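This report concerns only the one structure given below.
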Protein chains: 2
Amino acid sequence: MTTLSSVQYMLVYNTFSFTIAAMFASFIFFIVGRSQVGEKYRPALLVSGLVVAIACYHYFRIFNSWESAFNLINGEYVPSGKPFNDAYRYVDWLLTVPLLLVELIAVLALPKKDREGLFGKLAIAAFLMIALGYPGELSSDTATRAVWGTLSSIPFAYILYVLWSKLGASLSSQPAYVQVLMKNIRLLLLFTWGFYPITYMLPMFGIQAQSSLVGVQIGYAIADVLAKAFYGIMIYWIAYAKSEADGSLPAKH
Amino acid sequence: MTTLSSVQYMLVYNTFSFTIAAMFASFIFFIVGRSQVGEKYRPALLVSGLVVAIACYHYFRIFNSWESAFNLINGEYVPSGKPFNDAYRYVDWLLTVPLLLVELIAVLALPKKDREGLFGKLAIAAFLMIALGYPGELSSDTATRAVWGTLSSIPFAYILYVLWSKLGASLSSQPAYVQVLMKNIRLLLLFTWGFYPITYMLPMFGIQAQSSLVGVQIGYAIADVLAKAFYGIMIYWIAYAKSEADGSLPAKH
């Protein structure tokens, strides 16, 4: 931890507060909005709600940890000696990343034979991806970081393979508009999830974590809002479009 | 209480935070998810919700107690003199363990004659099991610990007897898939509940509670997540499978 200017400190502080607001507002939207789509798609919206509720809790903790990690001395923010607990992010991902994949499968409402085992395989792969990354995150040694980072990439590659090949095949049975939405949400997943390993690798390129502290924290927060809240809104659009297509929309009289 | 390294302290700290997140997320899931199963199975999900709500509250308390039991001095966590209050666990179990058995009976939705008295007998046995264990937990004397531990095992043995013999007989009237799920959940109950007496006996084998402080706290937290949140998810699966089998699933048009 290094001393931060008032502007740097407040930028991160306000980004965390923004993230808390975005997460709890989208929580209300997903839970209350369940009644606006067909019964079949409501479990997907419930899982969207769980993801942003968990993220909201962790951003409260991260916000408090950020506050207690610095003391305001002569207009500058000096490290207080209390650690800024970055592990909240990993704990959050362990819970939410498998659920993000569950959302995606649930909203498709595939026939039983097509979704058999898909939930379990993707959730386990997501869990392994996060758990294998953490030992590397803790290490300041480039080689150790690289080994765990590579191991963590294997389940990530498997998830992308399943989403593009296996799931791609079952997409053809979906309405045309839903196929477009599904292709967009897969790309959102690829780009937002791809942001995390890039941040992970920064220290390996000689960019010190301290000097990029502000950028990394703001980057993670924006990636989390896109990968959880905005992703959930896209799930809602898909649920709405599918309800419209199969005539289960409650709003349709 | 002994001085802990930063890694040891933070491992327990983050495990408690993880448990809080897991408990409240599963609370939302059980309460909102009630509408996704048949009317008959909703009381079981409500009870699942109560269990994880109570556990969430206690893990907030345990988390705060852990924080206040240590002071960060020169990068190490030194006991502050304030006790770490382990009694929260017993208070939690007194309330939640009888409810866990109520969940299991409720989701079966047995005919009235088969469930007569079953709720009451199991709930009282569960209450006795916890209450009889506590005097031993407080004692550092091996003989006292062994006496109360043995007394506490009698209601535990009775609970297992009821679940395997009496409940086993009424299982045959359930759909085949539900029978498999019920057998799995009984095993989950046996293994997670069996973890607690093992931890209870550690001091009797000369393993000092202090030296295994970190392991015991993490072990209890994981056992609680499995025995309450994951157990509740299995109850949800059973409720969903039974709703599907008897045609009471709201999602089915």
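Owing to the predicted nature of the structure, the values given are computational and were not obtained by experimental measurement. Order of the sequence lines sets the chain letters (A, B, ...), proteins ahead of strands, with each chain counted from 1.
- Interface remark: A/L46 contributes side-chain atoms only to the contact with chain B (heavy atom separation under 4.5 Å).
- The closest side-chain donor-acceptor pair between B/E76 and B/T3, if any, does not fall under 3.5 angstrom.
- Ranked by non-hydrogen atom pairs under 4.5 Å with chain B, the options A/I54, A/L99, A/L50 are led by A/L50.
- In this structure, B/Q8 contributes its side chain and B/S5 its backbone to a donor-acceptor pair below 3.5 Å.
- Within a 6.0 Å sphere centred on CZ of B/F119, heavy atoms belonging to other residues, nucleotides or ligands number more than 12.
- Among the residues in residues 58-70 of chain B, those with a non-hydrogen atom closer than 4.5 angstrom to a non-hydrogen atom of chain A are B/F60, B/F63.
- Close placement of the A/Y90 and A/W93 rings is indicated, their centers lying within 6.0 Å of each other.
- For B/I28, the parts sitting under 4.5 Å from any heavy atom of chain A are the backbone and the side chain alike.
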Give the intermediate values and the outcome of side-chain contact (heavy atoms from CB on, under 4.5 Å) for residues A/D224 and A/Y196.
-> CA-CA 10 Å; A/D224 275 340; A/Y196 301 102; 2.7 Å; yes

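- With ring centers used as reference points, B/Y236 lies 6.0 Å or more from B/F30.
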Full working for side-chain contact (heavy atoms from CB on, under 4.5 Å) between A/M182 and A/L108 = CA-CA 9 Å; A/M182 276 301 295; A/L108 285 178; 3.7 Å; yes

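- Top candidate by heavy-atom pairs under 4.5 Å with chain A, chosen from B/G75, B/S26, B/S6, B/S17, is B/S17.
- Of the charged side-chain nitrogens involved, none lies within less than 4.0 Å of a carboxylate oxygen, so that B/R89 and B/D92 do not count as a salt-bridged pair.
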